[in-house]
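For the numbers below, each heavy atom of this structure counts, side chains included, while hydrogens, waters and symmetry mates do not. Each residue takes its place number in the sequence, starting with 1.
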Amino acid sequence: MQSHLVRLRLGILLIILSWSPFAQIVISILRNHGHLSSDGSATNLRLVIWGIQIVVGLVGLLLVGKLTMQEAKRAGWRRTPKHLWRLFWR
């Protein structure tokens with residue numbers, strides 16, 4: 001059961017991180033320090049960071065999705081959210 005807890009928490013953390021505004025924060029910091037000069041390079045940097053965040057979010061979704069499917073098969077679809085919530089806070 002411990003591995004389920006780690007997978008659930010890690011998956012949720014990865015999903016949250018994938019929605020964080022890292023691209024804008026990095027661009028703002030680089031512009032303030034003079035390392036980023038043009039809008040074209042900012043756009044390219046933004047696309048790279050977004051690409052990484054999409055992959056991170058998909059990995060998180062995969063981790064949580066596998067656990068959700070296992071729990072749904074074991075407890076049924078109606079009880080799955082309650083079981084996952086208990087597992088998350090355990």
Gap separating the [atom1] atom of [X] from the [atom2] atom of [Y], nearest 0.5 angstrom:
X     : Y     : atom1 : atom2 : value
Ile15 : Leu10 : CD1   : CG    : 10.0 Å
Ile27 : Thr43 : CD1   : OG1   : 7.0 Å
Ser18 : Ile52 : OG    : CD1   : 12.5 Å
Arg79 : Glu71 : CZ    : CD    : 11.0 Å
Leu63 : Leu58 : CG    : CG    : 11.0 Å
Phe22 : Ile29 : CZ    : CD1   : 11.0 Å

Check: His83 and Thr80 side chains under 4.5 Å, non-hydrogen atoms: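 SC-SC contact between Thr80 and His83 ruled out.
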
Gln2 vs Arg7 side-chain heavy atoms within contact, under 4.5 Å: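 Not touching, per the 4.5 Å side-chain cut-off.
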
More than 12 heavy atoms of other groups within 6.0 Å of Arg31 CZ: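 Count over threshold, so yes.
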
Arg46 with Asp39: basic N within carboxylate O range, under 4.0 Å: no

Is it the case that one hydrophobic cluster holds both [X] and [Y], taking links as side-chain heavy atoms less than 4.5 Å apart, direct or via other members?
X     : Y     : result
Ile16 : Trp89 : yes
Ile49 : Leu30 : yes
Val56 : Val48 : yes
Leu8  : Val59 : no
Ile54 : Leu14 : no

Gln24 backbone acceptor or donor facing Ser28 side chain under 3.5 Å: no

Residue pair Trp77 / Met69: nearest heavy atoms and the distance that separates them: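 Nearest pair, atom of Trp77 first, then Met69: CH2-SD, 3.7 Å.
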
